[in-house]
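Inspection log for the structure reproduced underneath, given as structure tokens.
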Amino acid sequence: MEGRQLASKWLKTEALLGHSQVADHIPATRVYNTSNLHQMLNQYGFVVIKPVVGGGGTGVIKVTLEDGNYAYTYMSKTRSFTGFDAMVRSLSTVKKKRRYIIQRGIRLASISGRPIDYRVKFVKTRGRWICRGVVGRLARHGLFVTNLCRGGTQLSGADGIRRSLSGRMVRSKKREMMHISRMCTRILEGKYPGISQLGYDYGIDKSGHIWIFEVNTRPQ
């Protein structure tokens with residue numbers, strides 16, 4: 001039994017943003033439009049735009065504003081622009097007609113310059129939620145998405161935390177991810193009864209703060 005599916009990234013993010021303990025771990029997120037993109041780039045200098053529905057890193061684009069120069073990276077290719085409007089025109093050819101959300105970009109802790117994030121999988125078995133493990137996903141050289149189907153490397157969560165941050169942080173960061181996952185599971189199950197599996201995608205920034213990037217109801 002696969003359980004209920006919830007494809008929209010926006011609906012899941014919105015459900016979690018209403019809870020202060022969890023909201024602190026969610027990067028600022030808005031529906032994509034050019035006004036929101038302009039505002040968030042000016043505020044953060046780095047955002048990620050991703051399709052409202054989709055997975056496997058497909059369609060995910062990194063957008064930056066640095067020293068007055070705009071740029072976006074799609075897969076391993078980066079294009080630069082001196083003006084916002086020119087970038088948006090070019091971006092629309094990559095985005096196509098899909099609906100997108102914009103998320104504040106997070107400077108992730110990395111291993112040899114390659115960003116790493118984490119997948120925590122929860123499954124409901126006989127009426128109880130069980131954690132099926134914490135794995136690290138290390139981006140392929142030259143890519144910012146960590147998905148294994150895009151050439152990312154899987155390693156244990158402990159190994160990822162130790163190599164990107166410090167061995168002293170392994171236990172506390174894993175425990176914190178578990179605590180956040182349990183809170184989110186209660187919230188999402190309360191809002192969307194019938195879900196039976198959840199895959200949480202976490203990032204840890206260079207200062208050790210944990211961020212929730214996405215929640216999947218059909219985790220791979």
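Hydrogens, waters and symmetry mates are skipped; everything else that's a heavy atom, side chains included, is used.
- Residues satisfying the side chain to side chain donor-acceptor pair (under 3.5 Å) test with Ser181, not counting sequence neighbours, are Tyr202.
- Taking hydrophobic clusters as Ile, Leu, Val, Met, Phe, Trp and Tyr residues chained together by side-chain heavy-atom distances below 4.5 Å, Val170 shares a cluster with Val134.
- Residue Arg114 holds its CZ atom at 13.5 Å from CG of Leu108, rounded to the nearest 0.5 Å.
- Atom CG in Leu65 sits 12.5 Å away from atom CD in Gln43 (nearest 0.5 Å).
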Quiz prompt | Residues Asp201, Ile212; criterion side chain to side chain contact (heavy atoms under 4.5 Å, CB included); working and verdict | solution = CA-CA 6 Å; Asp201 289 351; Ile212 306 168; over 6 Å; no
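- Linking Ile, Leu, Val, Met, Phe, Trp and Tyr residues whenever their side-chain heavy atoms come within less than 4.5 Å places Tyr74 and Ile49 in a single cluster.
- Arg137 has a carboxylate O that lies under 4.0 Å from a charged side-chain N of Asp117, or vice versa, which qualifies the two as a salt bridge.
- Counting only heavy atoms from C-beta outward, the side chains of Arg104 and Trp211 approach each other to under 4.5 Å.
- Nearest approach of Ile116 to Gly136, heavy atoms of both residues: CD1-CA, 4.3 Å.
- Using modelled atom types, one side-chain atom of Thr29 and one backbone atom of Pro27 make a donor-acceptor pair closer than 3.5 Å.
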Going by atom type alone, with no hydrogens or angles, which donor-acceptor pairs under 3.5 Å involve a side-chain atom of residues 77-86 and a protein atom two or more places apart or on another chain?
residue	atom	partner	partner atom	Å
Thr78	OG1	Thr73	OG1	2.8
Arg79	NH1	Ser90	OG	3.1

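- Two residues are said to be in side-chain contact when any heavy atoms from C-beta on lie closer than 4.5 Å; Met178 and Phe122 meet this criterion.
- Using modelled atom types and a 3.5 Å distance limit, the side chains of Arg30 and Gln39 yield a donor-acceptor pair.
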Let me check something: any side-chain donor-acceptor pairs from residues 161-168 under 3.5 Å, sequence neighbours excluded? List them with distances.
residue	atom	partner	partner atom	Å
Arg162	NH2	Asp159	OD1	2.8
Ser164	OG	Gly160	O	2.7
Ser166	OG	Arg168	N	3.0

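- Counting heavy atoms from C-beta on, the side chains of Asn33 and Leu37 never come closer than 4.5 Å.
- Listed by chain and number, the residues in a side chain to side chain donor-acceptor pair (under 3.5 Å) with Asn42 are His38 (sequence neighbours excluded).
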Practice problem: Please test Arg119 against Tyr200 for side chain to side chain contact (heavy atoms under 4.5 Å, CB included), starting from the C-alpha separation and ending with a verdict. | Solution: CA-CA 5 Å; Arg119 164 63 62 87; Tyr200 293 95; 5.8 Å; no
Practice problem: Before giving the answer on side chain to side chain contact (heavy atoms under 4.5 Å, CB included), spell out for Val94 and Met75 the whole-Å C-alpha distance, their side-chain angles and the decisive distance to 0.1 Å. | Solution: CA-CA 11 Å; Val94 179; Met75 300 301 289; over 6 Å; no
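- By the side chain to side chain donor-acceptor pair (under 3.5 Å) test, Lys124 pairs with Glu189, sequence neighbours left out.
- Both tests hold for Lys62 against Phe46: distance to the six-membered ring centre under 6.0 Å, angle to the ring axis within 45°.
- Considering only residues two or more places apart in sequence or on other chains, Arg132 meets the side chain to side chain contact (heavy atoms under 4.5 Å, CB included) condition with Lys121, Val123, Thr125.
- The hydrophobic cluster containing Ile204 also contains Ile26, counting ILVMFWY residues as joined when their side-chain heavy atoms lie under 4.5 angstrom apart, directly or transitively.
- Side-chain contact between Tyr32 and Leu91: present, with at least one pair of heavy atoms (C-beta onward) separated by less than 4.5 Å.
- A distance of 12.0 Å separates OH in Tyr192 from CD1 in Ile187, rounded to the nearest 0.5 Å.
- From Gln21, atom CD reaches atom CG of Leu16 across 12.5 Å, with rounding to the nearest 0.5 Å.
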Exercise. Kindly indicate, with the supporting measurements, whether the criterion side chain to side chain contact (heavy atoms under 4.5 Å, CB included) is fulfilled by Val48 and Val63.
Key: CA-CA 6 Å; Val48 173; Val63 188; over 6 Å; no
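- Looking at heavy atoms from C-beta onward, Ile195 lies out of side-chain contact with Thr185 at the 4.5 angstrom threshold.
- Checked by atom type and distance alone, the side chain of His25 pairs as donor or acceptor with a backbone atom of Ile210 at under 3.5 Å.
- A distance of 4.5 Å separates NZ of Lys173 from CD of Glu176, quoted to the nearest 0.5 Å.
- For the pair Asp67 (side chain) and Asn69 (backbone), a donor-acceptor distance under 3.5 Å is absent.
- Considering only heavy atoms from C-beta on, Tyr100 stays 4.5 Å or farther from Val52 through its side chain.
- Atoms CD1 and CG, from Ile102 and Asn36 in turn, are 5.0 Å apart once rounded to the nearest 0.5 Å.
- Contact check for Asn216 versus Leu198: no side-chain heavy atoms found under the 4.5 Å cut-off.
- Under the 4.5 Å side-chain heavy-atom criterion for grouping Ile, Leu, Val, Met, Phe, Trp and Tyr, Leu155 is not connected to Val135 through any hydrophobic cluster.
- Annotation for Lys50 and Gln103: closest pair NZ-OE1, 3.2 Å, computed over non-hydrogen atoms.
- The two atoms that bring Cys184 and Val22 nearest to each other are SG-CG1, 3.7 Å, heavy atoms only.
- With His19 contributing its side chain and Met183 its backbone, the two residues share no donor-acceptor pair below 3.5 Å.
- In this structure, the side chains of Val120 and Cys131 come closer than 4.5 Å at one or more pairs of heavy atoms.
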